[in-house]
J.: 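Okay, here's the structure, questions in a sec.
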Protein chains: 2
Amino acid sequence: MPPTLKDVAERAGVSRAAVSRTFTDGASVSLKMRRKVEKAATELGYSPNALASSLTTGRTKLIGLVSNNFHNPIFLEVFDLFTRGLQERGLRPLLVNLSDETDPANSIRMLRQYSVDGVVVASSTLPPGFAKAFRDAGVPVVHSFGRYASSPEVHVVGIDNAECGRMAARELIRRGYRDVAFLGGPESATSTQDRFRGFMEELAQHPEISVRHSFAEAYSFNAGRKEMLALLKHKPAEAYFCGDDVLSIGALSAIADSGLKVPGDIGIIGLNDMEMAGWENINLTTIRQPISQIIASSIELIVSMLENPDRYPEARLFPCKVIERGTLRPVD
Amino acid sequence: MPPTLKDVAERAGVSRAAVSRTFTDGASVSLKMRRKVEKAATELGYSPNALASSLTTGRTKLIGLVSNNFHNPIFLEVFDLFTRGLQERGLRPLLVNLSDETDPANSIRMLRQYSVDGVVVASSTLPPGFAKAFRDAGVPVVHSFGRYASSPEVHVVGIDNAECGRMAARELIRRGYRDVAFLGGPESATSTQDRFRGFMEELAQHPEISVRHSFAEAYSFNAGRKEMLALLKHKPAEAYFCGDDVLSIGALSAIADSGLKVPGDIGIIGLNDMEMAGWENINLTTIRQPISQIIASSIELIVSMLENPDRYPEARLFPCKVIERGTLRPVD
DNA sequence: TTCCATTTTGCAACCGGTTGCAAAATGGAA
DNA sequence: TTCCATTTTGCAACCGGTTGCAAAATGGAA
């Protein structure tokens, strides 16, 4: 059993309150007392029990990190940045893997049982209602990569997916493609819906360009590959805006198998700019989502909610931009 | 503020002990009492505070998941499997990102402050001493993907890396390569050292085959690419055993850039068989490490240590096998 | 109905901390 | 040295639960 406050107090010959005070900053302790206590504490190898103290302070410094994107390589970057960012601020990530669960009830109950100080929902597929359920349960929440709404009910940090759809459309038009298509992620994902909407909106202004669309089953390599293999059976479009990078890479592999060339025969533009997109044997033209800014901002926001839980909800959107690599033909 | 035991007790008109008992299984409560309490609890939306109860039970159901491999895509699979496996058993993963920290002291202090019931160290690069420090601090620990020692001091679950090195060597020999090399991960990683040792051991029995070796700076795409680019400046070997898959993919990209063909001009064999290795545009011949078995076994082991913390340390090693794809030339 | 073994319940102390309040200690001014 | 404002300290109650023990309730047998 690790030593407790009481053990330290006895060894130092002082009250338990005194020991507690030397370990909570801002508390009133004389230098002499502090030294005595610290000596006893180091001798015993004492460090305060964060959970016991949370009982009275009402703060656990635990942050729930909830996600359902454990198959998209970009989420490794996301977890890396979140865990490091939280740790730097003395917060601890309690990871929740939703798998296919889309009902927030279980997560909410669990995270409340552990008295988390706040929750970050990191997902581009869950609907706004998911995060809202946390807010309704009185848990401070930030939805990272979530859907932007003009009057957000919870804090959202991410990108304007519809604008990304428009941006992709403009890029394809600019490069002279006249027969384009959207190869989306799962139709139920908010990010898919928004990217699709923006893409179609922009193309609606160019009636001379033909557009089609289809959806993959997931944001994954296999789903992208499978869908593209199906598309290749009939006459494919000249260029595709794929739901995200991993989907794009799946599509690229299908195209390579078919003997067609990218960008000679078919153009592909992705979204995310995950590390892998820049790998020389992938070299994907894509739209960069500023992951690290989004995460830094999300952390800042959840931290500020710990101070002020009733902070008025806001949407923080970060601009994206096209990263030109080798999967779209050059502008002529 | 969420409702507490006291609120439920008052509403149900019973003692706090009675409420506590209806929420701890195995406790003595009459059916009538249980109904009364459950009614009050649901009306108030009560669920017990796990941290408060941990104070007396001595169990938090928190498991520290410590890793430093946030840049290797295979670790997304690792985190997925660990979080799901732990959740299924009612345990909660508290994620610790070591970044470049290799001193366990901070992690130990932090995880003890949160009274974790146990710790899983998931890393193929940290030395055995890292996990041992947890054990010495009285924290049940399992080192997944760690170095196997003939007399382990802590539980280790993983593979025999030296045997994998031998296996890679045998595979290259079998395919008639006579000028081979080891392109390792960072030299400080235990997995690199062991794979290297095994590889050299096997080749020592074939003096007619020339062998060389070098090390990349990290288990990452860029490091693999950079090292292979350097190797290509002089006459490269006929075939390389790369430290792991992501390193292999980096090497493949360098080779592609140079105009050489795989497997025509150079052969590559990796290790891990991460999902990406099977992607058709990568199609990497590699040695499969049975990730999900390793993780299932690690979880089983840490769970059993919760019951019996003094369980005699054991090493659990899982066999690996060559997965033949397209980056080694066929046996003639 | 009475008796007694068994089950259920509540009391009160405890887990490891924090904190308001009053008492004790400190230290500078007169 | 005395006095008093300020700082430091300890007491005791509390945070939200659990649990040993004894008392109360239950229920079957006589």
Side-chain angles (χ1 to χ4, degrees), chain A residues 1-38 40-41 44-62 109-117 138, chain B residues 1-41 44-62 90 109-117 138:
Chain A
M1 289 294 92
T4 71
L5 196 75
K6 190 157 151 266
D7 300 324
V8 178
E10 277 167 7
R11 172 173 270 254
V14 301
S15 71
R16 289 159 60 221
V19 178
S20 173
R21 286 194 185 98
T22 83
F23 284 97
T24 71
D25 33 35
S28 154
V29 248
S30 67
L31 193 62
K32 212 174 87 192
M33 172 66 88
R34 175 178 295 280
R35 288 212 203 296
K36 240 193 315 188
V37 171
E38 277 172 351
L44 294 171
Y46 170 76
S47 67
N49 181 325
L51 303 181
S53 73
S54 80
L55 227 46
T56 35
T57 61
R59 288 247 175 292
T60 53
K61 301 200 169 189
L62 250 24
R109 182 158 33 75
M110 192 284 266
L111 290 168
R112 281 214 337 197
Q113 285 181 336
Y114 281 85
S115 311
V116 295
D117 289 346
Chain B
M1 290 296 92
T4 71
L5 197 76
K6 191 159 150 264
D7 300 324
V8 177
E10 278 167 6
R11 172 174 268 254
V14 302
S15 72
R16 288 158 61 223
V19 178
S20 173
R21 288 195 184 98
T22 81
F23 284 96
T24 71
D25 34 35
S28 151
V29 249
S30 67
L31 192 63
K32 212 175 90 192
M33 172 66 87
R34 175 178 293 282
R35 288 213 202 295
K36 241 195 310 191
V37 171
E38 277 172 351
K39 182 161 174 288
L44 293 171
Y46 170 78
S47 66
N49 180 326
L51 304 181
S53 74
S54 80
L55 227 46
T56 34
T57 61
R59 288 248 176 291
T60 53
K61 301 199 170 189
L62 250 25
R109 184 159 32 75
M110 192 284 268
L111 290 168
R112 282 216 332 197
Q113 286 181 337
Y114 282 85
S115 311
V116 295
D117 290 345

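Per chain, numbering begins at 1; letters A, B, ... match sequence-line order. Just so you know, these numbers use all the heavy atoms, side chains as well, and skip hydrogens, waters and symmetry mates.
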J.: Determine which nucleotide pairs with D/dG27, using a 3.5 Å limit on both distances of a Watson-Crick or G-U wobble pair.
T.: C/dC4
J.: Rounded to the nearest angstrom, tell me the gap between atom CZ in A/Arg59 and atom P in C/dT18.
T.: 15 Å
J.: I need the minimum non-hydrogen distance between B/Thr4 and B/Tyr46, along with the two atoms involved.
T.: C-CE1, 3.5 Å
J.: Hey, is the side chain of A/Tyr114 poking within less than 4.0 Å of OP1 or OP2 on D/dG16, counting only N and O atoms?
T.: no
J.: How do B/Val14 and A/Ala52 order along DNA chain C: which one's closest nucleotide is nearer the 5' end?
T.: B/Val14
J.: State which of D/dG10, D/dT9, C/dT18 makes the closest approach to the side chain of A/Leu5.
T.: C/dT18
J.: Kindly point out which of D/dG17, D/dT18, D/dG10 is positioned nearest to the side chain of B/Thr57?
T.: D/dT18
J.: For the base of C/dG10, is there a side-chain donor-acceptor partner from B/Arg21 under 3.5 Å away?
T.: yes
J.: Considering heavy-atom distances to DNA chain D, does B/Met1 or A/Gly13 have its closest nucleotide positioned more toward the 5' end?
T.: A/Gly13
J.: Tell me the interatomic distance from B/Arg16, atom CZ, to D/dG16, atom P, rounded to whole angstroms.
T.: 10 Å
J.: In whole Å, what is the span from the CZ atom of A/Arg35 to the P atom of D/dT8?
T.: 14 Å
J.: Checking B/Ser20 side chain against B/Arg16 main chain: does a donor-acceptor pair fall under 3.5 Å?
T.: no
J.: Tell me: NZ of B/Lys32 to C1' of C/dT9, nearest whole Å?
T.: 11 Å
J.: Look at the side chain of B/Arg112 against the base of C/dG16 and say whether a donor-acceptor pair falls under 3.5 Å; ignore hydrogens and angles.
T.: no
J.: Students often get this wrong, so: under 4.0 angstrom with heavy atoms, is B/Val19 touching a base, only sugar-phosphate, or nothing?
T.: nothing
J.: Which heavy atom in B/Asn49 sits nearest to a heavy atom in B/Ala52, and how many Å separate them?
T.: OD1-N, 2.9 Å
J.: Report which part of the nucleic acid B/Ser54 touches: base, sugar-phosphate, or nothing (heavy-atom distance under 4.0 Å, all strands).
T.: nothing
J.: Calculate the interatomic distance between B/Leu55 atom CG and D/dT18 atom C1'; express it in whole Å.
T.: 10 Å
J.: State whether A/Ser28 places a side-chain N or O below 4.0 Å from either non-bridging phosphate oxygen (OP1 or OP2) of D/dT8.
T.: yes
J.: Counting the atoms with a prime plus P, OP1 and OP2 as sugar-phosphate, which does B/Ser53 contact under 4.0 Å by heavy atoms, base, sugar-phosphate, or nothing?
T.: sugar-phosphate
J.: Quick one: is A/Thr56 getting a side-chain N or O under 4.0 Å of the D/dC15 phosphate, OP1 or OP2?
T.: no
J.: Need the pair for D/dG10. Rule: Watson-Crick or G-U wobble, both distances under 3.5 Å, any strand; none if unpaired.
T.: C/dC21
J.: How long is the line joining CG of A/Leu44 and P of C/dG16, in whole Å?
T.: 14 Å
J.: What integer distance in Å separates A/Met33:CE from D/dG10:C1'?
T.: 9 Å
J.: Given D/dT9, is OP1 or OP2 found less than 4.0 Å from the side-chain N or O atoms of A/Ser30?
T.: yes
J.: Closest approach of B/Lys36 and B/Val14, non-hydrogen atoms and distance?
T.: NZ-CG1, 3.8 Å
J.: For the atom pair NZ (A/Lys61) and CG (A/Leu51), what is the distance rounded to the nearest 0.5 Å?
T.: 12.5 Å
J.: Output the single nucleotide from C/dG10, D/dG17, C/dG16 whose closest atom is nearest the side chain of B/Pro48.
T.: D/dG17
J.: What nucleic acid atoms does B/Ala18 come within less than 4.0 Å of, heavy atoms only: base, sugar-phosphate, or nothing?
T.: sugar-phosphate
J.: Could you tell me whether a side-chain N or O of B/Thr22 sits under 3.5 Å from a main-chain N or O of B/Val37, the two making a donor and an acceptor?
T.: no
J.: Can you measure B/Lys6 atom NZ to D/dT18 atom C1' for me and round it to whole angstrom units?
T.: 17 Å
J.: Checking base pairs now: Watson-Crick or wobble, both atom distances under 3.5 Å. What partners D/dG16?
T.: C/dC15
